[in-house]
Each structure stands twice: as structure tokens, then as C-alpha cells.
Amino acid sequence: EIIDIIAREVLDSRGNPTVQVDIYLDSGVMGRATVPSGASTGTREALELRDGDKKRYFGKGVQKAIDNIINEIAPNIIGMESLDQEGIDRFLIELDGTENKSKLGANAILAVSMAVCKASAEEVGLPLYRYLGGTNAKVLPVPMMNIINGGIHADNNLDIQEFMIVPAGFVKFSQALRAGVEVFHSLKGILKKKRLNTAVGDEGGFSPMLEKNEDAIKLIIDAIKEAGYEPGKDIYIALDPAASEFFAEGFYTVEGKKIDSKDMVDYYEALVDKYPIISIEDGMSEADWEGWELISQRLKNKIQIVADDLVVTNPKIIKEAMKRGIANSILIKLNQIGTVSETLEAIELTKNNKYTAVVSHRSGETEDTIIADLSVSCNTGFIKTGSLSRGERIAKYNRLLQIEEELNDVAQFKGLSAFYNLGF
Ligand code: PGA
Ligand code: ZN
């Protein structure tokens, strides 16, 4: 039973305020959760409530969300049974009453929902992945590691937001992680030699100034080889262009040129044919559903096509995309939808329709590691949690190492076969 709730304003990895909640149960245990924050957000995401008072944190304070937890949420859920996650989440959704959680704020609601979940796991004495996923939770995710940052996550000139490595050719998570780390360090050495900047962007990837998007891919291929691995066998490449950010009035602006949807798909197909690219997320804009249909028709059988901004972890929108044959994979972000239960529903929907699910961080993160446990709990097979630097990214990798050790012989790492719907 919930006996007390404390809510406070803390900071995320970009130094912006965010919401942290502690939930105390009558058994004496406490669950603490902190919510992340995106930059290249989808327009249909649940609303992140910010104060807008320019004199405090340039308007980014979250005191209203905190007040809503203390004055609206706490008095109503104190006394409730914390193990009834779904009941509590449903109550929070109804208490808010809006389609996009704009009354109380999705940051307020999610912080409470996550803290309820963590307190309950403590109460029953189970690790979070086991509490959420039951006895079948055992698949360690293939990490999609964002080692070159562009778009609005960095101050360089790359249009594509994320250039990721996918170490799928290994039999254990810890081996895949090690390979990723070695490639990251090799890439740093290569950049230094070329006198390119080795400062990192929001997700801990390097953010060098480069002439073309393709140059970033070439550098990564070199780094994979230099670290002693084989591109396209041990390690693959994934992209998240976050194309909504460079789409306006029907056109994509790529390397200074305005191109239409068909040219955009041609551009990706040429890259896919030339490099060992295994996944592209948000290749098209959320405002270009026809473009999404086109990229899906052309590339769905070759690579993982991940929908993020388009469907924003919202079961209703995911269903719409599925009906139109769009994508074959869904990005899963707790704070796009705003409760743990709805996130679990989105994952289930995804799996039931033979789509893969990629559990994801946000570009503004915290030390909270719930997504590591979430990915294992649902055996999703994939996690996207940034590069191999910055503590808030590493915290998730370290949590996954602990889980792999704890599961021991039971732990599975699917590697390439995690892309089961591509026929691997
Ligand atoms: P965001 O970016 O957290 O800034 O939205 C992550 C992504 O686009 O996947
Ligand atoms: Zn994305």
C-alpha cells in the first residue's frame, strides 16, 4: 500500500530540470524514478509540462508538474495497492482526462507510474526485469550504439541525427558491449589523427564536422576494422536520421539540397546497397505518411525500418501505421506515452504483429536505468541507449551487465536473429 509520495525537481543530462518521485509503501520500501526528456520530439507525444517562467531555468522549470503530483495525484493514490500497476495507471489517465496528458503533465504521471513499479518490485523482492516480465524474462538486448551524433543533438553539420553501430555478431551481451566500446575508442583515435573534433554530443557520440553524411559511415567502417572486427558480420550499422527535423513543405533538405520523398528513399537505398546498414529509424518525416509507405515498400524486407516520431509509442497510432503496412519495428519510449502500462501495451502490440520493438532512452536522460530492465522484461531484443561515454548512457549498459551476470546460464543474447522478421 502506498503511504507517501515525495516529488522533487532534479536535473537531466543536458542540465535541464526534470521530475523525480519517491514512493513509500507501508512495508517500509521505497521506489524512486526520474523521467527523461527528448529534443527531436514527435508532435503527437504526451505533453511534457514545463513552467514557462522565463526567469527560472529559462522557462524549463517543472514546478507545476511537481505541484500536480503533490496536490492532485498524491492525495488520490495514497492508500492504493501499489502492485496494481494497471489500476493505478488507469486512474492517473482518468484523473488527467486529456488525450495527451496535458492537464497533469506526462512527466508528472510517468514519474509516479515508474516509481510505483519500482517500489512494487522492491516490495516483492524481485529485480525489476523479473517483476515486470515474470519467469520468462531472459533476453539481453542487442545494443544500438549511437557513436556519431548529428542533427539537433550536436553542433556539427550532419543532417542525420544518429549513426549507430549494432554489434549483432556475438553470443553474449557483454561481448557485444566490449566490441562497441573498442570501436568507439578506435573511432576517437581516427578522428584525432584526421584532426577532427572528438567532443561528444547529447548522446555521447562524437560530433565532428564532416562534408557528407556518408563520411560518417566511412569513418565508422574504418573504426570497426581498426578495432579488429568485420563490418557486416560482427558489427552492423544503423541510422536514425530523425527526418522530421529536416522536412518542410513536402521536401527534405539533405546536404544543402531539397529533395522529395522518392529521392529521399533512393538516397537511403543507395546507402543500404553500399554499406552494411541493417536498420533505419525515422527515415521519413512524421508529416509524410506517403513517404513512410514508400520507404516501407522499398526497404522493409532488406532492413529494419523503425518508427519513432511517427507513432510515439502510442498504441492507437501504431495500429494505424501497421494497417498501412508502414515499418517493421517500433521504437519504445516511456515518456512518449506517459505510463508504464501503456508502454507495455505498445510492446505487446508490436510483438503480436511481428514487428520488433526497440526500447529507447531520450537525448535528455538521467541516472535512472528502468529501460535496461524494461528491455529484458519483455524480451524485446533491442535497446537504444546511446554511445559508450557519458554516465547517463553508461548506467544503462552497466545495469545490463549486472542482469546478464544475475541470469547467468539462463541469459540469452539473440544477436543477428533478434532481427527475426528480416529472415535472420
Ligand atoms: P530525442 O531523440 O530523445 O531527442 O527525441 C531520440 C530519437 O530521436 O530517437
Ligand atoms: Zn528517433
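Any value given below was found using the heavy atoms of this structure, including those in side chains, with hydrogens, waters and symmetry copies removed. In each ligand, atom 1 is the first atom listed, and ligand 1 is the first ligand listed. Note that the structure is predicted; figures quoted are calculated from it, not measured.
Checking Asp309 against the Zn ion (ligand 2), every N/O/S atom stays at or beyond the 2.8 Å cut-off. Among the backbone and side-chain atoms of Glu162, no N/O/S atom is found under 2.8 Å from the Zn ion (ligand 2). For residue Asp282, no N/O/S atom approaches the Zn ion (ligand 2) to within less than 2.8 Å.
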Does Phe382 form a side-chain contact (heavy atoms from CB on, under 4.5 Å) with Val359? I'd like the steps, not just the answer. CA-CA 6 Å; Phe382 296 96; Val359 173; over 6 Å; no

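If you look at His361 next to ligand 1, there are no close heavy atoms at all, none under 4.0 Å. At a heavy-atom distance under 4.0 Å, only side-chain atoms of Asp308, from C-beta outward, approach ligand 1. Looking at Asp202 against ligand 1, nothing comes within 4.0 Å, counting heavy atoms.
Under the salt bridge (charged side-chain N to carboxylate O under 4.0 Å, His left out) rule, Lys101 has a single partner from Glu342, Glu94, Glu45, which is Glu342. Across Leu294, Val265, Ile326, a single residue satisfies side-chain contact (heavy atoms from CB on, under 4.5 Å) together with Met284, and that is Val265.
The closest side-chain heavy-atom distance from Leu400 to Val376 is below 4.5 Å. The shortest side-chain heavy-atom distance between Lys316 and Glu99 falls under the 4.5 Å cut-off.
The atoms of ligand 1 that sit less than 4.0 Å from any heavy atom of Lys384 are 7 (C), 9 (O). Near Asp240, with a cut-off below 4.0 Å to any heavy atom, the atoms of ligand 1 are 7 (C), 8 (O), 9 (O). Atom numbering of ligand 1 starts at 1 in the shown order; those under 4.0 Å from a heavy atom of Glu162 are 6 (C), 7 (C), 8 (O), 9 (O).
Gln161 and Ile152 make their closest contact through OE1-CG1, 4.3 Å (heavy atoms, listed as atom of the first residue, atom of the second, distance). Closest heavy-atom contact between Asp309 and Gly42: OD1-N, 3.6 Å.
Taking distance alone, with nitrogen or oxygen atoms compared against 3.5 Å, Glu281 approaches ligand 1 more closely than that limit. Considering both main-chain and side-chain atoms, Ser37 never comes within under 3.5 Å of ligand 1 through any nitrogen or oxygen pair. Considering both main-chain and side-chain atoms, Ser40 comes within under 3.5 Å of ligand 1 through a nitrogen or oxygen pair. Between Gly38 and ligand 1, no N or O atom pair is found at a separation short of 3.5 Å.
The closest non-hydrogen atom to atom 6 (C) of ligand 1, taken over Glu365, Gln336, Lys333, comes from Lys333. Among Arg362, His153, Glu245, the residue whose heavy atom sits closest to atom 2 (O) of ligand 1 is His153.
Between Arg324 and Glu293 there is a salt bridge, with a side-chain nitrogen of the basic residue lying less than 4.0 Å from a carboxylate oxygen of the acidic one. Taking a cutoff of 4.0 Å between a charged side-chain nitrogen and a carboxylate oxygen, Lys384 and Glu162 qualify as a salt bridge. Using a 4.0 Å cut-off between a side-chain N of Lys or Arg and a carboxylate O of Asp or Glu, Glu182 and Arg178 qualify as a salt bridge. Classification of Asp266 and Lys262 as a salt-bridged pair holds, one side-chain N sitting under 4.0 Å from a carboxylate O.
Restricting Glu281 to its N, O or S atoms, the one at the least distance from the Zn ion (ligand 2) is OE2. When the N, O or S atoms of Asp240 are ranked by distance to the Zn ion (ligand 2), OD2 comes first. Checked against the Zn ion (ligand 2), the N, O or S atom of Asp308 at the shortest distance is OD2.
Between Phe247 and Tyr252, the ring-plane angle classifies as tilted under the 30° and 60° cut-offs.
Of the protein's heavy atoms, Ser363 N, 2.7 Å lies nearest to atom 3 (O) of ligand 1. Nearest to atom 8 (O) of ligand 1 among the protein's heavy atoms is Gln161 NE2, 3.0 Å.
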